Amino acid sequence: MATNFDFALFDDSLSSEHAMTISRLVGEQSAWKVQELLLMHAARLDSRAGAAGGAAGSKRDGLRELGQFYLDAGKHRKAIACFTPLHEAGDRRATAALGKAYYWWAYGHEQYERREKAIDYLTEAMDLPGVPAILAYAYWEEFRTEEAEHVVREWAARDCETALAGVNSKVFSRVEGIALLEGHRAIGNFQVLGTLGQLYLKEGRDAEARAALADAVGFDEWSAQYYLGKVLLRLGEEREAIAVWRKAGKDGDDRSQRKARKVAKARREARQAARSDARRKSEAIKAAGSAGSAGSGGGCDGSAGSAGVTGRAQKKGKSKKAQSE
């Protein structure tokens with residue numbers, strides 16, 4: 001890990017003591033700890049600026065970023081502590097983030113109260129991107145299927161993550177899913193492209209599947225590479241399919257790596273079988289040719305033998321004629 005910081009990136013408000021603390025952490029601890037410290041510093045500076053009458057928007061950025069950092073790191077208590085004052089100040093993005101924090105905090109556990117808080121916050125911020133999808137999943141985990149499907153059907157056309165949730169949860173048929181995801185294709189979301197490609201593949205629309213999956217592969221998405229290989233194999237482009245799978249395998253996708261080995265092995269065996277078959281046919285042709293040559297010289301097929309008998313008969317006839325004369 002790099003241990004050098006360009007302190008020109010920071011203004012004079014970063015004290016010498018704080019700079020030394022960061023330097024020690026860079027050398028002794030993981031990088032995320034350094035990031036946490038910097039974000040905490042930014043949150044404090046924003047708080048001071050807000051207290052001194054600074055811009056209302058900027059004073060929240062540091063705390064919001066710190067909360068998102070904790071949320072991404074799975075530190076849900078700390079994330080909630082950051083987002084709560086922002087929510088109370090009317091920040092709807094923080095409201096959505098609170099809902100996500102409570103949802104993931106309850107995920108996989110029988111934490112009814114946390115999940116209910118998640119549902120409350122998510123419902124309040126329903127119109128923000130991605131929120132309806134998380135709300136639907138929260139309903140599903142509470143076995144509130146009708147409410148989940150209602151949210152998905154209401155928001156799928158407007159929110160790509162909700163459309164994906166509906167497709168992956170089979171709320172929509174393949175045809176419906178394709179129509180919905182085609183409506184979101186222009187945003188360039190790799191999950192939309194990858195899922196759309198898989199639906200095309202299942203519907204036998206190979207050319208469209210290839211195009212969508214190739215676009216998704218541009219994001220280095222493993223699942224898209226795997227299914228792109230399947231499309232190429234179906235189109236008869238085995239070498240290209242193997243190349244795609246091998247690349248995904250090098251990136252860490254074991255499934256693609258196994259598929260590449262299996263198809264490559266089948267290709268080798270097919271080539272060996274073709275060569276063996278060609279060799280057998282060649283040997284059979286040579287054998288037939290040798291037999292034909294032998295027959296023309298020794299009368300094996302009867303034709304040459306009859307010619308010999310005819311010749312002897314002619315000679316014998318001439319001899320008898322001479323005697324009679």
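From a predicted model like this one, the values you see are computed outputs, not experimental measurements.
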Salt bridge check: are D251 and K247 linked by an N-O gap of less than 4.0 Å? yes
CZ on R114 to NE2 on H76, rounded to 0.5 Å: 9.5 Å
Assess whether a salt bridge exists between D127 and R158, defined as any Lys/Arg side-chain N lying under 4.0 Å from an Asp/Glu carboxylate O. no
side-chain contact (heavy atoms from CB on, under 4.5 Å) assessment of R258 paired with K262: CA-CA 6 Å; R258 289 194 299 269; K262 181 178 179 180; over 6 Å; no
State, to 0.1 Å, how close C82 and G67 come at their nearest heavy-atom pair, and which atoms those are. CB-CA, 3.6 Å
Would you call K281-D277 a salt bridge at under 4.0 Å N-O? yes
Counting heavy atoms not belonging to E65, are there more than 12 under 6.0 Å from its CD? no
Any side-chain heavy atom of R185 within less than 4.5 Å of one from D215? yes
For the hydrophobic clusters of this structure (ILVMFWY residues joined by side-chain heavy atoms under 4.5 Å, transitively), does one cluster hold both L122 and L71? no
Within 45° cone and under 6.0 Å: R255 NZ/CZ vs Y226 ring: yes
One thing to verify: whether K170 and E176 come together as a salt bridge, which I'm taking to mean a side-chain N less than 4.0 angstrom from a carboxylate O. no
Would a single hydrophobic cluster contain both L235 and V217, if residues Ile, Leu, Val, Met, Phe, Trp and Tyr are joined by side-chain heavy-atom contacts under 4.5 Å? yes
To the nearest 0.5 Å, atom CD1 of I242 lies from atom CZ of R267 at 5.0 Å
Within a strict 4.5 Å, meaning less than it, do heavy atoms of the D91 and R64 side chains meet? yes
Side chains of F190 and T195: closer than 4.5 Å at any heavy-atom pair? no
Do P129 and D159 have side-chain heavy atoms sitting under 4.5 Å apart? yes
Are D120 and K117 ion-paired here, with the side-chain N under 4.0 Å from a carboxylate O? no
Around atom CZ of R77, are there more than 12 heavy atoms from other residues, nucleotides or ligands closer than 6.0 Å? no
Between R153 (side chain only) and V171 (backbone N and O only), is there a donor and an acceptor less than 3.5 Å apart? yes
Quickly, which of E182, R210, R174 forms a side chain to side chain donor-acceptor pair (under 3.5 Å) with Y200? Name it, please. E182
N/O donor-acceptor pair under 3.5 Å between N168 side chain and L164 backbone: yes
Joint hydrophobic cluster, L232 plus L213, side-chain heavy atoms closer than 4.5 Å: yes
Beyond-backbone contact of E124 with H87, side-chain heavy atoms, under 4.5 angstrom: yes
Kindly indicate, with the supporting measurements, whether the criterion side chain to side chain donor-acceptor pair (under 3.5 Å) is fulfilled by E116 and Y102. CA-CA 9 Å; E116 282 299 307; Y102 275 109; over 6 Å; no
Testing the basics here: between A133 and T162, what is the closest heavy-atom pair and its distance to 0.1 Å? N-OG1, 3.2 Å
Once you round to the nearest 0.5 Å, how far does CG of L199 lie from OH of Y227? 10.5 Å
L128-L86 co-clustered via ILVMFWY side chain contacts under 4.5 Å: no
Expected output: side-chain H184 to main-chain E161 donor-acceptor under 3.5 Å: no
Is a side-chain N or O of S282 found less than 3.5 angstrom from the main chain of A278, in a donor-acceptor match? no
Measuring from N189:CG to L196:CG, what's the distance to the nearest 0.5 Å? 11.5 Å
Interatomic distance, NZ@K75 vs OH@Y70, rounded to 0.5 Å, equals 8.0 Å
Does the side chain of C160 come within less than 4.5 Å of Q191's, by heavy atoms? no
Side-chain heavy atoms of P85 within contact of L63, under 4.5 Å: yes
Step by step, would you call Y121 with K100 a side-chain contact (heavy atoms from CB on, under 4.5 Å)? CA-CA 8 Å; Y121 286 123; K100 293 176 183 178; over 6 Å; no
side-chain contact (heavy atoms from CB on, under 4.5 Å) between R234 and L201, intermediate numbers included: CA-CA 10 Å; R234 181 183 286 183; L201 179 61; 3.6 Å; yes
Applying a strict under-4.5 Å side-chain criterion to I, L, V, M, F, W and Y, I'd like to know whether F83 and W104 cluster together. no
Heavy-atom side-chain contact between R205 and I178 under 4.5 Å: yes
Taking the six-membered ring for Trp, is the centroid-to-centroid distance between Y139 and H150 below 6.0 Å? no
When rounded to the nearest 0.5 angstrom, what distance separates OG in S276 from CZ in R279? 5.0 Å
Take R115 and W105 through the test side-chain contact (heavy atoms from CB on, under 4.5 Å) and record every step on the way to the result. CA-CA 8 Å; R115 196 170 290 114; W105 197 12; over 6 Å; no
Tell me whether S256 contacts the main-chain N or O of W245 through its side chain, where contact means a donor paired with an acceptor under 3.5 Å. no
Is there a side chain to side chain donor-acceptor pair (under 3.5 Å) between Q68 and D72? Walk through the geometry before answering. CA-CA 6 Å; Q68 188 62 49; D72 294 340; 3.0 Å; yes
